[in-house]
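Here's the structure we're looking at; comments come further down.
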2 protein chains.
Amino acid sequence: MPRTAAPPDAADTSLRQQVYASLREALTSGRFAPGQKVTFRYVAGELGVSLTPVREAMRRLVAEGAFEMNPNRSVRVPLMTRDKVLELRDIRMELEGLAAAKAALAATRNQIAGIRRAAREIIVARNRGDGATDRQKVREFHFAVYAAAGQPTLLRLIEGLWLQTGPYMNLLYPDFISSSRGPAGRQRLIEALEVRDATAARREMETDIRRALSYVADLADENGNIAPAAPATAGKRRSQPTTAAAFELQAN
Amino acid sequence: MPRTAAPPDAADTSLRQQVYASLREALTSGRFAPGQKVTFRYVAGELGVSLTPVREAMRRLVAEGAFEMNPNRSVRVPLMTRDKVLELRDIRMELEGLAAAKAALAATRNQIAGIRRAAREIIVARNRGDGATDRQKVREFHFAVYAAAGQPTLLRLIEGLWLQTGPYMNLLYPDFISSSRGPAGRQRLIEALEVRDATAARREMETDIRRALSYVADLADENGNIAPAAPATAGKRRSQPTTAAAFELQAN
DNA sequence: AATGCAATTTTGTGATCACAAATCCCACGA
DNA sequence: TCGTGGGATTTGTGATCACAAAATTGCATT
């Protein structure tokens with residue numbers, strides 16, 4: 001079937017957008033291993049669509065740095081190196097620090113309440129030992145702050161940066177959580193938002209990011225590589241166990 | 001013809017990449033007016049290629065914010081508003097300030113020489129009243145600094161931001177240049193790079209960007225719009241003078 | 001002259017086809 | 001046992017086709 005009509009309202013229901021959302025979700029939830037090759041036809045087959053929307057979605061992800069492309073024109077999940085982590089750390093400190101500062105000046109009472117709620121849910125999930133929910137809520141907490149800044153371009157840039165660190169934050173979560181210093185920093189950040197102290201909000205956000213990504217950088221081996229040099233191909237020639245669960249089209 | 005072989009070396013010779021480069025050039029050189037509608041078929045016809053590479057190139061530019069897409073799925077050059085300029089100003093101060101600081105720590109003697117050369121060429125062009133060369137050299141000066149930072153992800157982000165401000169910097173150049181404070185700031189920046197003073201380099205870069213974009217923001221009318229609310233369509237139905245020179249495929 | 005409204009054209013989207021470059025596989029020989 | 005070469009397969013790229021939603025035009029009526 002060539003197409004299905006577009007509902008009157010609803011944001012973007014194009015297949016391209018759904019494929020994009022699906023791949024994003026697959027990346028942030030760690031469904032693809034770093035270094036893994038991902039072919040257009042594999043994704044198209046998995047999602048039951050033609051190559052066209054897959055190509056556009058994957059090209060966009062390549063442009064965003066979530067995938068990388070060999071000179072031999074094959075697409076893979078980027079391998080992380082110490083240098084790249086340190087670069088991302090410094091960029092994120094700037095941009096997410098800026099967003100926190102803006103949020104301190106602009107956040108509404110409702111937005112602060114939402115941020116506080118996310119902070120509570122992190123504690124609950126962590127006490128239960130529920131890693132998946134923990135990570136999800138940490139993400140919600142951060143993006144609730146960034147959304148409160150009310151700067152759409154800034155938000156878009158930050159989303160792109162999270163997408164690049166995403167697969168690794170999942171992979172390294174166990175090591176990572178054990179070094180966490182707990183909810184004190186988030187509490188101080190929330191207080192800074194309440195009293196409109198942009199400088200303090202920025203400082204707390206920068207400190208949090210510096211700690212997290214410096215920790216990740218220290219996990220690098222002597223060659224500067226961070227995760228397993230795991231090859232793996234998702235294009236499956238030679239059956240391949242296909243242990244990874246197939247992913248599905250996301251409605252956006 | 002379906003394809004032409006790819007040279008052994010050379011970066012990316014795909015049509016998609018060439019179309020992307022062509023549109024980028026057209027945007028930064030002000031060949032498209034803000035608010036102008038740009039259709040896939042128009043670009044494809046102008047460049048003599050099929051829709052496929054044009055779609056991929058333009059979608060990427062939409063993702064980067066260089067084009068924007070109506071809910072009715074038509075692509076246009078974004079209109080600039082005061083709020084957007086101020087947001088871009090603050091983001092660029094952070095990122096380009098960071099790049100300048102990193103450049104101060106990492107720039108080689110050769111790189112500094114190249115930066116100094118660009119600074120000289122700005123002066124020459126400006127004295128000649130050659131606006132086009134002036135703008136080009138200003139761009140080269142800045143990107144020579146950013147390249148010296150040696151941070152590929154940071155460089156990519158900055159390029160995306162310049163692409164968003166690009167069409168307007170051209171449009172507003174005459175007003176803009178009259179308010180410029182001359183080469184003193186660039187000279188101080190170069191000196192900071194030479195003595196490896198990251199703090200001073202960052203300060204100079206931030207000051208430069210703040211001044212330039214604050215000036216642009218002040219050009220907004222009472223509605224917050226900056227450039228002409230010029231409609232215009234490049235899809236040309238109803239002949240249209242077609243004053244704009246056709247643009248060409250770029251080799252990268 | 002202004003305003004609806006239907007017919008026509010334009011335009012974005014997705015599927016499919018053709019082709020060449022990469023990659024893989026397997027047999028063959030040192 | 002370890003390359004090595006050549007044929008088969010996979011895979012990205014670009015062109016083309018089909019279709020529906022939008023935009024535009026043309027005409028009729030007030």
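Quick note on labels: first sequence line is chain A, next is B, and so on, each numbered from 1. Just so you know, these numbers come straight off a predicted model, no measurement behind them.
- The A:Thr39 side chain lies nearest to D:dT11 when the options are C:dA15, D:dT11, C:dG12.
- Comparing atom distances between the B:Arg59 side chain and each of D:dG12, C:dC24, C:dT13 picks out C:dT13 as nearest.
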Problem set entry | Derivation and outcome, side-chain hydrogen bond (donor to acceptor under 3.5 Å, both in side chains), residues B:Tyr20 and B:Arg16 | CA-CA 6 Å; B:Tyr20 176 76; B:Arg16 164 183 17 94; over 6 Å; no
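- Side-chain proximity of B:Asn72 to the nucleotides D:dA23, C:dG14, C:dC24 is greatest for D:dA23.
- Positionally, the nearest nucleotide of DNA chain C for B:Phe40 lies more toward the 5' end than for the other of B:Phe40 and A:Thr52.
- Look at CG on A:Leu47: it is 15 Å from C1' on C:dA15, rounded to the nearest Å.
- One can place CG of B:Leu61 at 17 Å from C1' of C:dG12, the figure rounded to the nearest angstrom.
- Counting to the nearest Å, the C1' atom of C:dT11 and the CD atom of B:Glu46 are 17 Å from each other.
- Overall bending of the helix from C:dA1-D:dT30 to C:dA30-D:dT1, expressed as the angle between end axes built from five pairs apiece, is 10° (10° steps).
- Rounded to a whole Å, the CZ atom of A:Arg55 is 13 Å from the P atom of C:dG14.
- A:Arg73 has its CZ atom 9 Å from the P atom of D:dG14, to the nearest Å.
- Side chains of B:Met58 and B:Val38 form a contact here, defined as non-hydrogen atoms less than 4.5 Å apart.
- Residue B:Ser50 places its side chain closer to D:dT16 than to any other of C:dG14, D:dT16, D:dG12.
- Using a cut-off of 4.0 Å between Lys/Arg side-chain N and Asp/Glu carboxylate O, A:Glu56 and A:Arg60 are scored as not salt-bridged.
- B:Arg16 comes within contact range of the sugar-phosphate backbone alone, with a heavy-atom separation under 4.0 Å but no base atom that close.
- A heavy-atom distance below 4.5 Å is found between the side chains of B:Arg59 and B:Phe40.
- Looking at B:Thr153 and B:Arg156, their side chains come closer than 4.5 Å, going by heavy atoms from C-beta outward.
- Distance CG (A:Asn70) to C1' (C:dT23): 12 Å, rounded to an integer number of Å.
- Between A:Tyr146 and A:Phe143, the ring planes are perpendicular. Angles over 60° get that label, and only those under 30° would be called parallel.
- The residue A:Met69 sits close only to the backbone: its heavy atoms come under 4.0 Å of sugar-phosphate atoms, none of a base.
- Put simply, CZ on B:Phe67 is 15 Å from P on C:dT11, counting in whole angstrom units.
- Mapped onto DNA chain C by nearest heavy atom, A:Val49 and B:Val75 fall at different nucleotides, with B:Val75 at the one closer to the 5' end.
- When rounded to the nearest whole Å, the span between CG of A:Leu51 and C1' of D:dT13 equals 10 Å.
- A:Glu140 has a carboxylate O that lies under 4.0 Å from a charged side-chain N of A:Lys137, or vice versa, which qualifies the two as a salt bridge.
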